Structure formats: C-alpha cells, structure tokens
Protein chains: 2
Amino acid sequence: MSTVLENVKLLAPHAGDCCSLATAPLSADDAEQMAGRLKALSDPTRLRVLSHVAAQGCDAVCACDLTETLDISQPTISHHLKKLVEAGLLTREQRGKWAHYTVVREAFAELRQFLALD
Amino acid sequence: MSTVLENVKLLAPHAGDCCSLATAPLSADDAEQMAGRLKALSDPTRLRVLSHVAAQGCDAVCACDLTETLDISQPTISHHLKKLVEAGLLTREQRGKWAHYTVVREAFAELRQFLALD
DNA sequence: TCTTCGGATAGACATTCATCGATACGAGGA
DNA sequence: TCCTCGTATCGATGAATGTCTATCCGAAGA
C-alpha cells in the first residue's frame with residue numbers, strides 16, 4: 001500500500017514540467033520520474049487499452065467496454081488500468097458499479113515536451 | 001544474432017509513421033512496435049545516457065565520455081547504448097578505436113506524433 | 001609482431017513484470 | 001437481507017531485464 005501511494009506521489013504531479021531530454025545533464029531523480037511514466041507506456045497491452053480510451057477524446061470509457069473489445073482477461077485489464085492511473089496517464093471515476101476512465105491530456109503534453117530535442 | 005537483426009528490422013524503420021494513440025483501435029502489431037521503442041526509453045540509466053547525447057545536438061558523442069561522466073560501469077553503458085541503437089533512437093559510428101553516437105531526430109518526432117491526442 | 005586500450009560480449013544473478021485462475025469486495029436490485 | 005454482477009486483489013508462474021565481473025575482439029602505435 002505504501003508503495004502505491006509513494007508512486008502516485010512520485011509520478012502523478014508535474015512529472016514532466018521540470019525537464020527535457022535536450023537539457024544537458026538530466027538528474028538521476030528526473031530520469032527516474034520520467035522513466036516511470038514511460039515504463040507505463042512500454043507495454044503493448046497498455047497501449048491498446050490507452051488507445052481505446054484516447055479514441056473517445058474527453059469522454060470517459062467504461063472498463064467493461066475494454067474487457068469486451070480486447071481479447072484480454074478481466075484481471076489483466078484491471079491491472080493495466082491501475083498502472084496507467086498510477087502513472088498519471090488516466091483518471092478513474094466510479095459511477096455506480098461501473099468504473100470509467102479518461103485520459104489525462106496534460107500528461108501527454110508533458111511527455112511530448114520531454115521528447116522534444118530543441 | 002538473428003534476434004538482434006529481427007529487432008532492428010522490426011523497430012528501426014518508420015516505427016511511428018503509421019499510427020497515433022488517438023486513432024481508434026491500435027492494432028496489436030502497431031502496439032508491439034511502439035511499445036518496443038518506448039521500452040527503450042523506460043529506463044532511467046538510458047534516459048541519462050540519451051540526455052548526454054541529445055545535449056550535443058547534431059554532434060556525435062564518444063562512448064568514453066559517457067563512461068567518465070556517469071557513475072555506471074562500462075559494460076552497462078555499452079549494453080544500454082546497444083539497446084538504444086536497436087530501437088532506432090541512436091546511430092553508432094566507429095572512428096578508429098572510438099565509438100560515437102548520435103540521436104536520430106526523426107525517431108523522436110515520430111514518438112511525439114504518436115503521443116499526440118488530436 | 002607485440003602491447004595497449006576502447007569497447008563489445010558472455011555468463012551469472014537478483015529483480016521486476018505480465019498474465020491468469022481463484023477469490024474477495026461492494027453497489028444495486030429483488 | 002440475499003443475489004447478481006462489475007471490478008479489484010491475491011498468489012503463482014514463467015519470462016524479460018538491469019547490473020556486474022571476467023573475458024574477448026580489434027584498431028593504433030611502438
């Protein structure tokens with residue numbers, strides 16, 4: 001539990017507003033933060049999940065839609081959704097008995113900025 | 001050896017000119033390709049290495065500089081440089097007995113495009 | 001040709017991680 | 001208060017990965 005909370009605290013807020021790859025010596029701490037967020041993107045299953053959510057633009061997507069559409073077991077999808085939320089790439093919202101997810105657009109803007117070489 | 005060659009063939013050429021996260025159902029193959037490139041970026045040591053190379057702009061960086069600057073063993077740096085080259089993020093050039101590395105700017109442009117949500 | 005030295009490879013080890021079946025939790029309805 | 005069902009967690013397992021020491025390769029110089 002403490003691990004999860006620490007990760008959220010570490011990754012979620014402003015993970016990318018500090019630095020870019022092109023700014024010369026990337027500190028070990030900054031590298032750790034950005035690597036954490038990029039690691040959340042480095043799995044094909046998570047990319048497919050993200051794609052489905054991102055395709056809805058600003059609308060939220062029900063987890064049940066994902067379990068149906070993709071050929072992946074429900075625990076696995078739940079696991080990946082949790083990782084994406086912890087990385088600050090998705091937000092979760094409970095509506096009745098359904099969980100809905102939305103992309104965090106600022107997180108992607110920060111990532112694109114980090115990957116700029118100018 | 002064949003594994004390395006296959007990865008190069010798989011990842012290096014135009015891995016990102018096909019798709020974006022926002023384009024609805026990301027195919028399993030596309031997800032695999034992009035995840036491979038992102039996985040190369042998901043390690044803090046590799047980000048620090050990349051940062052040092054990227055800071056030189058279009059100039060090549062000698063591997064010996066990296067071994068001196070960062071507090072990481074020479075085989076480890078060599079290992080990471082190889083991964084970055086395989087992912088198409090760096091190019092390697094041998095000059096005499098020294099190896100020089102340069103960032104592949106198009107690869108980063110493709111990544112930024114992939115992470116755009118529009 | 002022998003020596004030196006930068007860099008890559010081999011092999012080992014510990015750690016992380018993706019995945020799944022089984023199960024627990026929790027909200028809504030009967 | 002039970003039942004149903006969507007979702008999260010647990011536990012296990014096999015695979016991938018980062019790091020190191022030791023060693024090898026290959027180019028330049030004496």
Side-chain angles (χ1 to χ4, degrees), chain A residues 1-8 10-11 28 31-32 35-50 53 60-87 90-101, chain B residues 1-8 10-11 28 31-32 35-50 53 60-87 90-101:
Chain A
M1 166 186 130
S2 64
T3 306
V4 170
L5 290 179
E6 282 162 9
N7 283 342
V8 170
L10 191 69
L11 296 173
E32 201 87 32
R37 190 163 269 184
L38 286 161
K39 187 172 296 181
L41 289 169
S42 70
D43 178 81
T45 303
R46 278 199 288 272
L47 286 185
R48 292 176 66 204
V49 168
L50 255 183
V53 180
V61 171
C62 178
C64 54
D65 289 345
L66 302 168
T67 329
E68 286 179 7
T69 310
L70 310 168
D71 194 22
I72 304 159
S73 76
Q74 178 268 323
T76 300
I77 290 203
S78 181
H79 165 74
H80 287 307
L81 285 170
K82 182 179 180 179
K83 291 254 178 178
L84 291 169
V85 169
E86 284 174 11
L90 289 184
T91 53
R92 197 190 103 107
E93 180 196 359
Q94 188 87 28
R95 298 184 192 168
K97 52 202 293 191
W98 289 276
H100 291 250
Y101 293 85
Chain B
M1 168 188 126
S2 64
T3 306
V4 170
L5 289 179
E6 282 163 8
N7 284 341
V8 170
L10 190 67
L11 298 173
E32 201 86 33
R37 191 163 269 185
L38 286 162
K39 188 173 295 181
L41 289 169
S42 71
D43 178 80
T45 303
R46 279 199 287 274
L47 286 185
R48 293 176 65 202
V49 168
L50 254 183
V53 180
V61 171
C62 179
C64 54
D65 290 343
L66 301 169
T67 330
E68 288 179 6
T69 309
L70 309 169
D71 194 22
I72 304 159
S73 76
Q74 177 269 323
T76 299
I77 289 200
S78 181
H79 165 74
H80 287 306
L81 284 170
K82 183 178 180 181
K83 290 255 178 173
L84 290 169
V85 170
E86 285 174 12
L90 289 183
T91 53
R92 198 190 102 107
E93 181 195 359
Q94 188 88 26
R95 298 184 192 168
K97 53 202 293 191
W98 289 275
H100 291 250
Y101 292 86

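The structure presented is a predicted model; accordingly, all values stated were derived computationally and were not measured. To find a chain, count down the sequence lines: A is the first, B the second, and so on, and within it residues start at 1.
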Novice: To the closest 0.5 Å, what do you measure between NZ (B:Lys39) and CG (A:Asp43)?
Specialist: 6.5 Å
Novice: Side-chain polar contacts of residues 66-73 of chain B - donor-acceptor pairs under 3.5 angstrom, sequence neighbours left out - could you list them?
Specialist:
{"residue": "B:Thr67", "atom": "OG1", "partner": "B:Ala63", "partner atom": "O", "Å": "2.9"}
{"residue": "B:Thr69", "atom": "OG1", "partner": "B:Asp65", "partner atom": "O", "Å": "2.8"}
{"residue": "B:Ser73", "atom": "OG", "partner": "B:Thr76", "partner atom": "N", "Å": "3.4"}
{"residue": "B:Ser73", "atom": "OG", "partner": "B:Thr76", "partner atom": "OG1", "Å": "2.9"}

Novice: Between OG1 of A:Thr45 and CD of B:Glu32, what distance do you get to the nearest 0.5 Å?
Specialist: 8.0 Å
Novice: If you round to the nearest 0.5 Å, how far is NE2 of A:His80 from CG of A:Leu47?
Specialist: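 Atom-to-atom, A:Leu47:CG and A:His80:NE2 are 10.5 Å apart.
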Novice: Check whether any side-chain heavy atom of A:Arg46 sits under 4.5 Å from a side-chain heavy atom of A:Leu84, and report yes or no.
Specialist: yes
Novice: Let me confirm one number: the NE2-SG distance from A:His100 to A:Cys64, rounded to the nearest 0.5 Å.
Specialist: 6.5 Å
Novice: Find the distance between CH2 (B:Trp98) and CD (B:Glu93) and round it off to the nearest 0.5 Å.
Specialist: 14.0 Å
Novice: Less than 4.0 angstrom between a side-chain N/O of A:Lys82 and OP1 or OP2 of D:dT7, yes or no?
Specialist: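 It does not, given that no N or O in the side chain of A:Lys82 lies less than 4.0 Å from OP1 or OP2 of D:dT7.
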Novice: Hey, does the side chain of B:Ser78 reach the backbone of B:Pro75 with a donor-acceptor pair shorter than 3.5 angstrom?
Specialist: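 Looks like no, no N/O pair under 3.5 Å.
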Novice: So if I define the base as every atom that isn't primed, P, OP1 or OP2, how would nucleotides 17-30 of chain D read as a B/S/- string at a heavy-atom cutoff under 4.0 Å?
Specialist: SSBBBB----SS--
Novice: What range of DNA chain C does chain B touch, first nucleotide to last, counting atoms under 4.0 Å from its heavy atoms?
Specialist: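 Answer, 5' to 3': C:dC5 to C:dT9.
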